[in-house]
Amino acid sequence: MEEKFNRLIFIPIAAVLFLMIGYQYVCPADSNTCYFRSDDKGLFQRYSSGFELVYTEPEADEDLPSKITSKFNFTERNLDRHVDFKIRGDDVMVFLHIQKTGGTTFGRHLVKNIQLEQPCDCMAGQRKCTCHRPGRADSWLFSRFSTGWSCGLHADWTELTSCVPTVMNKRDKKSVQKNKRNFYYITMLRDPVSRYLSEWKHVQRGATWKTALHMCDGRSPTEDELPACYSGDDWTGVPLIDFMSCPSNLANNRQVRMLADLSLVGCYNMSSVSELERGQVLLASAKANLLNMAFFGLTEFQRKTQYLFERTFGLRFIRAFTQINSTRAASVGISEKVRWRIEGLNALDVELYEYAKELFLRRYQYSRQKQHQEERLRRWQERQQRQRLHRTYLSELWRLGGGGGEEEEEQMKGLEEVATTEDYSSQVVRW
């Protein structure tokens, strides 16, 4: 009687188990096949198994072109960017802020929008935030919104690399010899014409940056080395033609100058090398420094910038970046002749941006492909784990069912064969 009862109860249990196995392979846990979405399309999805931020596909207007024109020979080492950033250790993130590249917005993201164990403390009405490490009173971030302009207003690569280590060790009262830090430099770049027009509009409204130090080889440039473009307190109301006519205007090729090692060309002494040689050396230096930086983003690709930063540092932003195209520079109407002249004045920046854009898009493409590979591997491992669990359940069910009868043995073998076959089929489809 008991044996007959065990046989009767085994059949429905086995049927239910078969349906569960089939569902797991048709609709895996991380698949969208059987997932009913709402109309809300956010950058992040929150899973019930914890607070995990996941980057989804970019918006249509930021999709990669079908084919990236290859001009530069980047290696896999150039494209694979990952930083083991030890926020609990002594690592420091250094933000090199180039004027009119969206750096203010990105800088605010760094202090207000990163998901941290100990978030930056930003008091209302104050420009600076306190960004301490978890359980310690020293800062992990060097930027205008965390440490202020400690190395000078809009300090460039030449200034920062010689100044930051000393400043950080003084702030934290640690010796350079006793504590060798890792400094990870990051920056933002922008299309040269748009950046130039944006700087002109900013200067036209009264900006000067006259307090910038421009330190190089231990000193600031003399007035002869860097003559002013205007007399008086500022250059308010300057027409674009006058802005372009000043030969010492630092807006010209600003991005190359701020990313290069100026000591290679005698700093601001224009007589040390010829203009052609100076440009070639500065451009090569800027490219090398940009390539070796921990991270750089592009103003024109906010979502991709967010994605690459998160993948590089293993940190997550709370809110999605927003692409804003209605800038002051975008509202300026210029003729083709004026555009050509601006491109001529910024020829080094134009070439640097072309280099940076290809590197940026290739890094994005490489990172997406690598992420997809990681996800496929994770899904495969999950399927293997589920299959092992199912086999364990089948064995346990067989044991509880009494293990009698050739009919039940055939049923169990059939279930195992179905599980194996469907797992294999799902792998064929996915791979």
Side-chain angles (χ1 to χ4, degrees), residues 42-46 51-59 61-62 81-83 85 87 91-134 139-150 154-155 160 164 183-191 194-195 198 202 255 258-259 290 293-329 356 360 363-364 367:
L43 176 64
F44 302 112
Q45 296 173 340
R46 180 177 294 189
F51 189 62
E52 181 183 3
L53 297 179
V54 180
Y55 185 93
T56 60
E57 293 293 336
E59 297 293 339
D61 60 348
E62 279 206 358
R81 307 302 289 174
H82 174 72
V83 172
F85 186 68
I87 196 169
D91 294 352
V92 179
M93 191 184 300
V94 183
F95 180 37
L96 194 164
H97 185 171
I98 302 174
Q99 290 96 317
K100 313 315 294 179
T101 59
T104 298
T105 299
F106 185 76
R108 289 197 179 104
H109 280 305
L110 293 177
V111 297
K112 295 183 178 181
N113 193 25
I114 295 183
Q115 182 188 347
L116 297 170
E117 180 181 346
Q118 182 173 331
C120 296
D121 184 14
C122 301
M123 302 294 292
Q126 296 184 1
R127 293 186 178 182
K128 289 197 301 181
C129 304
T130 302
C131 296
H132 286 164
R133 306 180 194 275
S139 179
W140 57 269
L141 175 65
F142 188 98
S143 75
R144 64 173 291 190
F145 289 121
S146 58
T147 55
W149 301 112
S150 301
H154 286 286
L160 288 177
V164 170
F183 293 98
Y184 296 104
Y185 287 81
I186 64 176
T187 193
M188 291 287 293
L189 296 180
R190 185 179 180 183
D191 170 75
S194 297
R195 198 214 65 80
S198 181
H202 198 54
Q255 295 179 103
M258 292 193 69
L259 290 175
L290 187 71
M293 275 186 171
F295 166 81
F296 73 89
L298 298 183
T299 308
E300 289 77 17
F301 300 94
Q302 291 293 316
R303 298 281 291 275
K304 290 179 176 64
T305 294
Q306 175 176 358
Y307 173 78
L308 283 179
F309 180 91
E310 292 178 339
R311 290 281 293 179
T312 300
F313 286 97
L315 298 171
R316 293 291 179 268
F317 289 101
I318 300 169
R319 295 175 301 277
F321 284 19
T322 303
Q323 187 72 48
I324 301 176
N325 296 319
S326 56
T327 61
R328 290 189 176 91
F360 177 87
R363 281 181 176 174
Y364 175 81
S367 187

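On a predicted model such as this, the values are computed, not experimentally measured, just so you know.
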How long is the straight-line distance from [atom2] of [Y] back to [atom1] of [X], given to the nearest 0.5 Å?
X	Y	atom1	atom2	value
F309	L315	CZ	CG	5.5 Å
L189	T299	CG	OG1	7.5 Å
Q99	Q255	CD	CD	10.0 Å
I186	T312	CD1	OG1	10.0 Å
T187	I98	OG1	CD1	4.0 Å
R316	E310	CZ	CD	5.0 Å

Would T305 and F106 count as a side-chain contact (heavy atoms from CB on, under 4.5 Å) here? Give the steps.
CA-CA 10 Å; T305 294; F106 185 76; 4.2 Å; yes
Exercise: identify the closest heavy-atom pair between [X] and [Y]:
X	Y	value
L298	M188	C-CE, 3.8 Å
W140	L110	CH2-O, 4.0 Å
Y184	A294	CB-CB, 3.8 Å
V164	Y185	CB-OH, 4.1 Å
P134	I87	CD-O, 4.1 Å
K128	G148	CD-N, 3.5 Å

With ring centroids as reference points, do F301 and Y364 lie under 6.0 angstrom apart?
no
Name all residues meeting the side chain to side chain contact (heavy atoms under 4.5 Å, CB included) criterion together with R363; count only those two or more places apart in sequence or in a different chain, and write none if there are none.
L79, R81, L291, F296, L308, L359
Which residues pass the side chain to side chain contact (heavy atoms under 4.5 Å, CB included) test with S150, not counting sequence neighbours?
F142, T147, V167
Could you tell me whether the side chain of R195 reaches within less than 4.5 Å of the side chain of T101, counting heavy atoms only?
yes
Return the set of residues passing side chain to side chain donor-acceptor pair (under 3.5 Å) with [X] (not counting sequence neighbours), or none when no residue passes.
X	result
T104	R144
S146	S143
H202	R205

Show which side-chain atoms of residues 116-127 pair as donor or acceptor with protein atoms under 3.5 Å away, not counting sequence neighbours.
residue, atom, partner, partner atom, Å
E117, OE1, R88, NH2, 3.0
E117, OE2, R88, NH2, 2.5
Q118, OE1, G135, N, 3.2

Would you say [X]'s side chain and [Y]'s backbone share a donor-acceptor pair under 3.5 angstrom?
X	Y	answer
H109	I114	no
R311	H82	no
N113	F317	no

